[in-house]
Amino acid sequence: GEGESMSGCGSPQSITVENEEGVLEQVEMDPDEYRGAHFNYAYFGDSDSKETTLQTRSGSIPNTKFIKELKKNGRRRIISKSGDCNTALYRVSSKKRRFMQDVFTTMVDMQWRFTLLAFIASFLVSWLVFGVIWWFISFVHGDYLLENISNSTFIPCILANKNFASAFLFSQETQHTIGYGSRQTTEECPEAIVLQCVQSIVGVLQQACMAGVVFAKLARPKSRTNTVVFSKNAVITMRNGRLFLLFRVGNMRSSHLLEAHVRAQIVQNVTTEEGENIYFHQEELKVGTQLAGGEDRALLLWPVILAHPIDEDSPLWKMSPQDLLNSNFEIIVVLEGVVAPTGNTAQARSSYLPHEILWGYRFDNLVSYAIEQGVYAIDCSCINNTVPDNTPRLSACRMDHQRKASLSLSRMSQAGQSSRKTSQVSQSGHHLAPNVTRTWNLQAAGHGHNGQGQED
């Protein structure tokens, strides 16, 4: 079934659907569609698309026509499973000027091929520009005239400078302090001395800037997030009489993430009481590592389970399993922590769509003790393992109403029993009243006779 195919360690290759004739069948899914952004069961559409979605489903089971619609809209996910943001900026005013004002960040954000191209081009351009200036100074001084070249008493601005190629090589030697020994400036040209100082300073600054860009790109913790793994599915299960949304996250490196904490947001379209449509509204969800869903800080010694309590403040409060599958939202989860070796902050992201939330499942244990090795063994290949449980297929709101109704009924029954006991006691009291009165009268009469005897 659908739950069984999604409870394995790897990504499912098939799914059980209902065709147009109402017969269940296995539909093979393309494995390429499970890389990066998975196919999207519930995308952000308008009201018409939502009605179409409801019409092409049979209860909580998607049919064949529904699967075909999903394949066409398979990339409508905000955050992919790999953590990439499916967003792009358009019509940004003065975009190039703004980016050039922050050129360092622009170069760090560029792809490696463009960064390396800028790195090489910057040195080639500087060598060429200063080479032209060196050539021009030598040309004005007359270093390239034949009579001066053949004159042994003529002192040029640059020794061993015969043409533009010589000036270009001298520019390289000056900028990088190579000093082969054949070419050098003389005291005949003050402008050459000034240019030599300027090029030396510019060369140091250029090397520092380009080395900083390359180092910043290498030191970025972006690749570190590849070793932080989220479970492919989230689950809804019962804990201590309450419904919880659970997902699992683990660190695949032996080096720990310091001060790791988790947050989650649900993105959906909402409508206010005044009729305002707020598209892609981001609402914060309470998540934590404790049983009740508190404390967002996580100690990732092994893959941990994060819990979101489905209470009155949760947007999933009134959602049943069928309502969940027919909803259009995306839950974005983020893990932030400090990389211990570098001290940089890393952020890993993932997301869950309605069809990726399994109702009535919980995560299986993956930690055991290896006696021979004397360590706690963590089976990371089963981070996606789920097992079914007996969670009621009712919304948290309806379960709460039933709980309150049962409590009120029990209180009424207790009140009825206490009232019956009170009535029985009162009835027995009425039967005993004449006897008590008679006894009291006899006692009073006895006291009267004793008083008369004493007087006599």
Side-chain angles (χ1 to χ4, degrees), residues 35-37 78-89 98-123 176 203-232 247-265 284 287-289 295-306 332-352 366-367 373 375-381 383-384:
R35 297 173 186 166
I78 300 176
I79 301 294
S80 67
K81 285 296 185 181
S82 60
D84 297 328
C85 296
N86 188 25
T87 58
L89 300 176
R98 296 175 186 272
F99 279 30
M100 290 306 298
Q101 289 176 350
D102 189 14
V103 63
F104 184 83
T105 305
T106 301
M107 296 188 67
V108 171
D109 290 339
M110 287 193 307
Q111 298 181 3
W112 267 109
R113 55 178 176 268
F114 298 116
T115 302
L116 294 177
L117 180 62
F119 184 86
I120 296 172
S122 63
F123 284 103
H176 299 284
V204 171
L205 293 176
Q206 184 179 2
Q207 291 180 13
C209 292
M210 297 311 300
V213 170
V214 174
F215 177 78
K217 287 185 69 67
L218 291 174
R220 282 194 307 174
K222 184 177 181 180
S223 300
R224 180 64 175 87
T225 58
N226 294 330
T227 55
V228 176
V229 179
F230 290 88
S231 58
K232 292 185 179 298
F247 61 93
R248 181 182 274 170
V249 59
N251 179 24
M252 300 295 108
R253 280 189 179 272
S254 58
S255 59
H256 299 290
L257 286 174
L258 308 179
E259 297 294 332
H261 58 278
V262 185
R263 58 180 300 191
Q265 285 189 347
E284 197 76 18
V287 292
T289 57
E295 189 57 51
D296 60 348
R297 290 180 296 178
L299 182 61
L300 298 178
L301 299 178
W302 46 74
V304 297
I305 297 176
L306 284 305
I332 300 174
V333 293
V334 178
L335 172 68
E336 294 181 350
V338 179
V339 181
T342 61
N344 295 327
T345 302
Q347 184 184 88
R349 298 181 294 267
S350 185
S351 68
Y352 298 100
L366 45 74
V367 181
Q373 292 79 9
V375 296
Y376 286 92
I378 303 170
D379 189 1
C380 297
S381 63
I383 193 173
N384 302 309

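- Counting heavy atoms from C-beta outward, Val339 and Leu257 have side chains that approach closer than 4.5 Å.
- Side-chain contact between Val108 and Phe215 is absent, with no heavy-atom pair separated by less than 4.5 Å.
- Between Asn384 and Ser231, the shortest heavy-atom contact is OD1-CA, 3.2 Å.
- By the neighbour-count criterion of 12 heavy atoms within 6.0 Å, atom CZ of Phe104 is densely surrounded, having more than that number from other residues, nucleotides or ligands.
- Side-chain contact between Val249 and Leu335: present, with at least one pair of heavy atoms (C-beta onward) separated by less than 4.5 Å.
- Atoms CE and CG, from Met210 and Leu205 in turn, are 13.0 Å apart once rounded to the nearest 0.5 Å.
- Between Ser351 and Ile79 the shortest heavy-atom distance is OG-O, 2.5 Å.
- Heavy-atom neighbours of Glu259 CD from other residues, nucleotides or ligands within 6.0 Å: at or below the threshold of 12.
- Distance check: Thr289 OG1 to Leu306 CG gives 7.0 Å after rounding to the nearest 0.5 Å.
- Applying the side-chain hydrogen bond (donor to acceptor under 3.5 Å, both in side chains) definition to pairs two or more places apart or across chains, those involving residues 249-258 are Arg224-Asn251.
- A pairwise comparison of heavy atoms in Lys217 and Met110 identifies NZ-O, 2.6 Å as the closest pair.
- A heavy-atom distance below 4.5 Å is not found between the side chains of Val228 and Met252.
- Here the CG-SG distance, from Leu366 to Cys380, works out to 7.0 Å after rounding to the nearest 0.5 Å.
- Not a single donor-acceptor pair under 3.5 Å links the side chain of Asp379 to the backbone N or O of Val367.
- Looking at Gln206, its side chain does come within 3.5 Å of a backbone N or O of Ser122 through a donor-acceptor pair.
- Scanning both residues, Ile378 and Leu301, for their nearest heavy atoms gives CD1-O, 3.6 Å.
- With a 6.0 Å radius and a threshold of 12 heavy atoms from other residues, nucleotides or ligands, Arg297 has its CZ atom at or below the threshold.
- For the pair Leu300 and Ala260, the tightest heavy-atom approach, listed with the atom from each and the gap, is CD1-CB, 4.5 Å.
- Scanning both residues, Arg349 and Gly83, for their nearest heavy atoms gives NH2-O, 3.0 Å.
- Sequence neighbours left out, the pairs with a member in residues 105-121 that pass side-chain hydrogen bond (donor to acceptor under 3.5 Å, both in side chains) are Asp102-Thr105, Gln111-Arg113.
- Contacts of Phe123 classified as ring-ring contact (aromatic ring centres under 6.0 Å, His included), with partners at least two apart in sequence or in another chain: Phe119, His176.
- Formation of a donor-acceptor pair under 3.5 Å by the Arg248 side chain with backbone atoms of Ile305 is not found in this model.
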So Ile332 and Ile78, side-chain contact (heavy atoms from CB on, under 4.5 Å) or not? Walk me through it.
CA-CA 8 Å; Ile332 300 174; Ile78 300 176; 4.3 Å; yes
Going through the checks in order, is the side-chain contact (heavy atoms from CB on, under 4.5 Å) test met by Phe247 and Val262?
CA-CA 11 Å; Phe247 61 93; Val262 185; 4.1 Å; yes
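- A distance-only check finds no donor-acceptor pair linking the side chain of Lys81 to the backbone of Tyr352 [under 3.5 Å].
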